Peer 1: 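The structure's right below; bear with me while I get my questions together.
If you read the sequence from its start, that first residue is 1, and numbering goes on from there. Computed from a predicted structure; not experimentally measured. Computed over heavy atoms, backbone and side chain alike; hydrogens, waters and symmetry mates excluded.
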Amino acid sequence: MDDLQYGKRNKRGDWQPNDAIGIAPLFVFPPQPLKFIKWLPGYIFPWNVLFLALAAIFWFYLTPDVETLKTLAPGWIAYLFVRNSLLVIFLYGLLELRLYIRRGQGAHFKYNAKWPSEQPSDAFMFRSQNIDNIVRTFASGVPIWTAYEVFGLWSYANGWGLWGTFAEHPYWFAFLILVLPIYHEFHFYCIHRLIHTPLLYKWVHSVHHNSVNPSPWSSLSMHPVEHLLYFSDSLIHLIVPSHPLLFLYNLQITGTGAVVGHIGFDKIEVGSQSAFDTHAYAHYLHHKHFEVNYADGTTALDKLFGTWHDGTAEAEARFQARYQEKVARMNSK
Ligand SMILES: [Zn+2]
Ligand SMILES: [Zn+2]
C-alpha cells in the first residue's frame with residue numbers, strides 16, 4: 001500500500017496521518033447521531049470484539065470450575081498465570097514478529113522512522129528496550145493482572161458481590177459490554193494524570209516512558225505500582241451487578257488491550273491492498289510529547305482539560321509553544 005496517500009513523512013522519515021485524530025462523538029451537546037453511527041464500527045471492530053471473544057473463550061473453556069475457584073490454591077492460580085502469559089506471548093509476539101522482526105510491511109505507516117532495537121540505552125536493563133519491556137511484563141504485569149483475576153473469580157465463586165446471570169440482567173449486561181471500554185479509558189485517564197504528578201512520575205511512571213519509541217512489548221512495561229493502579233479498574237465488577245465473563249472482558253480490555261496504543265504503526269497491512277486501523281496515534285503522541293493525550297479520545301477528557309493533541313500542525317505548534325514557556329519558567333526560577 002502507498003502510505004503517502006494517507007499521510008506524510010518528515011525529514012527524519014517519521015510518518016504521520018493527514019487527518020486529525022477525532023474525539024468520539026459521545027459527550028457532545030447537541031448530540032450528533034450521524035457522526036455517532038459512523039464512529040461506532042471503528043469502536044467495536046477490530047479490538048473490542050476481539051477482547052469480548054477472548055473473554056468468552058477464557059470463561060467457557062479456559063477457567064477452572066466454580067467448585068475449584070471457591071478455595072485459593074496454587075495450582076489453578078499458576079494455571080491462570082500461564083494461560084494469560086501465553087496469550088500475551090502469542091498476541092504481542094505475533095505483532096512484534098510481523099512488524100518489527102520480519103518487518104513485513106517495512107516502514108509503511110510507521111510513526112517513528114527508527115527501530116527500537118537500533119537504539120540501545122542505559123535507561124533499559126541490558127541496554128535493550130525489548131529485554132527490559134519483556135522482563136517487566138512477566139515479572140509484574142501479568143502476575144498483577146492475574147492477581148486481580150484470581151480475586152474476582154474467587155469472590156464470584158463464594159458469592160461475594162452482586163454477581164448475576166445474563167437472563168437476570170439482559171439490558172444492563174448489554175450496556176456494560178458497550179460501555180466497559182469507555183469506562184476503562186475514563187479510569188485510565190484518572191490514574192494516568194495521577195502518576196504524571198512529579199513524585200509519582202519520577203518513581204513510578206517514568207519506567208513506562210523510558211520507551212519513547214514504543215513497540216508492542218512496551219504495552220505492559222510499567223512499574224509494579226502502576227500495574228496495581230492500572231488493573232484496579234476491574235474491581236468495579238465487585239460493586240455493580242456483573243458476570244465473570246464481563247469481568248474477564250474488562251481484564252482483556254485492560255491487559256491485552258494495552259497493546260493497542262503501542263503498536264507504533266497507524267495501519268496493519270493485510271495483503272497488498274488492504275489494512276486495518278490500529279488507533280495507536282493518540283498514545284504514540286503521548287510517548288513523544290509526555291504531557292498530551294492522557295487518554296485516547298473516547299472520553300473527551302483531554303479536550304476538556306486542554307491536553308488533546310490531534311496530530312495536526314496547529315496542535316503541534318500550540319504544544320511546542322506551551323513547552324517553551326514551561327522551559328522559560330523553569331529557567332527563570
Ligand atoms: Zn504507553
Ligand atoms: Zn504517561
Peer 1: Would you say Ser211 and Phe124 make side-chain contact, with heavy atoms under 4.5 Å?
Peer 2: yes
Peer 1: I'd like to know if the side chain of Gln252 and the backbone of Leu54 have a donor-acceptor N/O pair within less than 3.5 Å.
Peer 2: no
Peer 1: List in chain and number order the residues that pass side chain to side chain donor-acceptor pair (under 3.5 Å) with Asn10, two or more places apart in sequence or in another chain; answer none if no residue qualifies.
Peer 2: none
Peer 1: For Leu162 and Val240, what are the C-alpha separation, side-chain angles and deciding distance, and is it a side chain to side chain contact (heavy atoms under 4.5 Å, CB included)?
Peer 2: CA-CA 6 Å; Leu162 303 171; Val240 301; 5.5 Å; no
Peer 1: Under 3.5 Å, side-chain donor or acceptor atoms of residues 73-92 against the rest of the protein: list the pairs with distances, not counting sequence neighbours.
Peer 2:
residue, atom, partner, partner atom, Å
Trp76, NE1, Thr68, O, 3.3
Trp76, NE1, Thr71, O, 2.8
Tyr79, OH, Leu62, O, 3.2
Arg83, NE, Leu62, O, 3.1
Arg83, NH1, Glu149, OE1, 3.3
Arg83, NH1, Glu149, OE2, 2.5
Arg83, NH2, Leu62, O, 3.2
Arg83, NH2, Thr63, OG1, 2.9
Arg83, NH2, Glu149, OE2, 3.2
Asn84, ND2, Leu80, O, 3.4
Asn84, ND2, Thr146, OG1, 3.2
Asn84, ND2, Glu149, OE1, 2.9
Ser85, OG, Phe81, O, 2.8
Tyr92, OH, Gly255, O, 3.0

Peer 1: Side-chain contact, heavy-atom cut-off 4.5 Å: Phe166 with Leu246?
Peer 2: yes
Peer 1: Ignoring hydrogens and geometry, is there a side-chain-to-backbone donor-acceptor pair from Ser221 to Ser218 under 3.5 Å?
Peer 2: no
Peer 1: Would you say Tyr183's side chain and Asp233's backbone share a donor-acceptor pair under 3.5 angstrom?
Peer 2: yes
Peer 1: Is it the case that more than 12 heavy atoms not belonging to Phe175 sit under 6.0 Å from its CZ atom?
Peer 2: no
Peer 1: Is Ile144 reachable from Leu72 through a run of hydrophobic residues whose side-chain heavy atoms are each under 4.5 Å from the next?
Peer 2: yes
Peer 1: Membership question, hydrophobic clusters at under 4.5 Å side-chain separation (ILVMFWY): are Val28 and Leu34 in the same one?
Peer 2: no
Peer 1: Hydrophobic clusters here meaning ILVMFWY residues chained together by side-chain heavy-atom distances under 4.5 Å, can you tell me if Leu176 and Phe231 are in one?
Peer 2: yes
Peer 1: Given Leu69, which of Val150, Leu153, Asn158 fulfils the side-chain contact (heavy atoms from CB on, under 4.5 Å) condition?
Peer 2: Leu153
Peer 1: Output yes when a side-chain donor or acceptor of Trp154 lies under 3.5 Å from a complementary backbone atom of Lys70, and no otherwise.
Peer 2: yes
Peer 1: Of all heavy-atom pairs between Thr312 and Ala20, which one has the smallest distance, and what is that distance?
Peer 2: CG2-CB, 3.5 Å
Peer 1: Does Glu325 pair with Arg322 as a salt bridge, N-O distance under 4.0 Å?
Peer 2: no
Peer 1: Determine, step by step, whether Trp47 and Phe276 satisfy the side chain to side chain contact (heavy atoms under 4.5 Å, CB included) criterion, reporting the C-alpha distance in whole Å, the side-chain angles of both residues, the deciding distance to 0.1 Å, and the verdict.
Peer 2: CA-CA 11 Å; Trp47 298 113; Phe276 66 87; 4.2 Å; yes
Peer 1: Any sub-3.5 Å donor-acceptor pair from Glu226's side-chain atoms to His223's backbone N or O?
Peer 2: no
Peer 1: Check Leu248 against Ala55 and note the closest heavy-atom contact, atom names and distance.
Peer 2: C-CB, 3.8 Å
Peer 1: For Ser232 and His187, run side chain to side chain donor-acceptor pair (under 3.5 Å): C-alpha distance rounded to whole Å, both residues' side-chain angles, the deciding distance at 0.1 Å, then the answer.
Peer 2: CA-CA 9 Å; Ser232 67; His187 173 274; 3.0 Å; yes
Peer 1: May I ask you to test the Thr298-Leu26 pair for a side-chain heavy-atom distance under 4.5 Å?
Peer 2: yes
Peer 1: For the residue pair His262 / His287, report whether a side-chain donor-acceptor contact shorter than 3.5 Å exists.
Peer 2: yes
Peer 1: With a 4.5 Å heavy-atom cut-off, do Ile101 and Glu96 have their side chains touching?
Peer 2: yes
Peer 1: Side-chain donor-acceptor pair under 3.5 Å between Asp296 and His279, yes or no?
Peer 2: no
Peer 1: For Arg12 and Ala113, which heavy atoms make the closest approach, and how far apart are they?
Peer 2: O-CB, 3.3 Å
Peer 1: Is Leu52 reachable from Phe45 through a run of I, L, V, M, F, W or Y residues, each pair having side-chain heavy atoms under 4.5 Å apart?
Peer 2: no
Peer 1: Could you check Asp277, Asp2, Asp3 and say which one makes a salt bridge (charged side-chain N to carboxylate O under 4.0 Å, His left out) with Lys267?
Peer 2: Asp277
Peer 1: What pairs with Gln32 under side chain to side chain donor-acceptor pair (under 3.5 Å), at least two apart in sequence or on another chain?
Peer 2: none
Peer 1: Could you state the interatomic distance from CD (Gln324) to CZ (Phe319), rounded to the nearest 0.5 Å?
Peer 2: 14.0 Å
Peer 1: Counting N and O atoms only, with roles assigned by atom type, does the side chain of Tyr281 sit under 3.5 Å from a partner on the main chain of Gln16, one being a donor and the other an acceptor?
Peer 2: no
Peer 1: Whether the Asn213 and Gln129 side chains hold a donor-acceptor pair (N or O, under 3.5 Å, no angle test) is what I'd like checked.
Peer 2: no
Peer 1: Inspect the surroundings of CD in Gln273 and state if more than 12 heavy atoms from other residues, nucleotides or ligands are less than 6.0 Å away.
Peer 2: no
Peer 1: For Tyr230 and Phe188, take the angle between the two ring planes, folded into 0 to 90°, and tell me which bin it lands in: parallel under 30, tilted 30 to 60, perpendicular over 60.
Peer 2: perpendicular
Peer 1: Using side-chain heavy atoms (C-beta onward) and a distance below 4.5 Å, is Glu316 in contact with His309?
Peer 2: yes
Peer 1: Just do the side chain to side chain contact (heavy atoms under 4.5 Å, CB included) check on His196 and Tyr201 with the steps written out, would you?
Peer 2: CA-CA 5 Å; His196 267 267; Tyr201 184 82; 3.8 Å; yes
Peer 1: Taking side chain to side chain donor-acceptor pair (under 3.5 Å) as the test, write out the residues that go with Glu269, two or more places apart.
Peer 2: His108
Peer 1: Of all residues at least two apart in sequence or in a different chain, which pass the side chain to side chain donor-acceptor pair (under 3.5 Å) check with Asp266?
Peer 2: Tyr111
Peer 1: For residues Asp132 and Arg136, determine if any side-chain heavy atom of one lies less than 4.5 Å from a side-chain heavy atom of the other.
Peer 2: yes
Peer 1: Considering all heavy atoms of both residues, which atom of Leu251 and which atom of Tyr148 are nearest to each other, and what is their separation?
Peer 2: CD2-CB, 4.5 Å
Peer 1: Run the salt-bridge test on Asp14 and Arg9 with the 4.0 Å N-O cut-off and return the result as yes or no.
Peer 2: no
Peer 1: Mind running side chain to side chain donor-acceptor pair (under 3.5 Å) on His286 and His209 for me, showing each step along the way?
Peer 2: CA-CA 9 Å; His286 177 72; His209 275 283; 3.0 Å; yes
Peer 1: Just by distance, with hydrogens left out, do Ser128 and Asn130 show a side-chain donor and acceptor under 3.5 Å apart?
Peer 2: no
Peer 1: Taking all atoms of both residues into account, what is the closest heavy-atom pair of Phe265 and Gly106, and its distance?
Peer 2: CE2-O, 3.6 Å
Peer 1: Counting C-beta onward and ignoring hydrogens, is there a side-chain heavy-atom pair between Phe36 and Tyr43 closer than 4.5 Å?
Peer 2: no
Peer 1: Passes side chain to side chain contact (heavy atoms under 4.5 Å, CB included), Tyr294 versus Glu185? Steps please.
Peer 2: CA-CA 9 Å; Tyr294 292 98; Glu185 200 177 306; over 6 Å; no
Peer 1: Answer whether the closest heavy-atom distance between the side chains of Leu238 and Trp163 falls below 4.5 Å.
Peer 2: yes
Peer 1: Who passes ring pair (Phe, Tyr, Trp, His ring centres under 6.0 Å) against Phe58, sequence neighbours left out?
Peer 2: none
Peer 1: Are Tyr249 and Phe51 close enough that their ring centers fall under 6.0 Å?
Peer 2: no
Peer 1: Tell me whether Lys326 is salt-bridged to Glu291, with the criterion being a basic N under 4.0 Å from an acidic carboxylate O.
Peer 2: yes
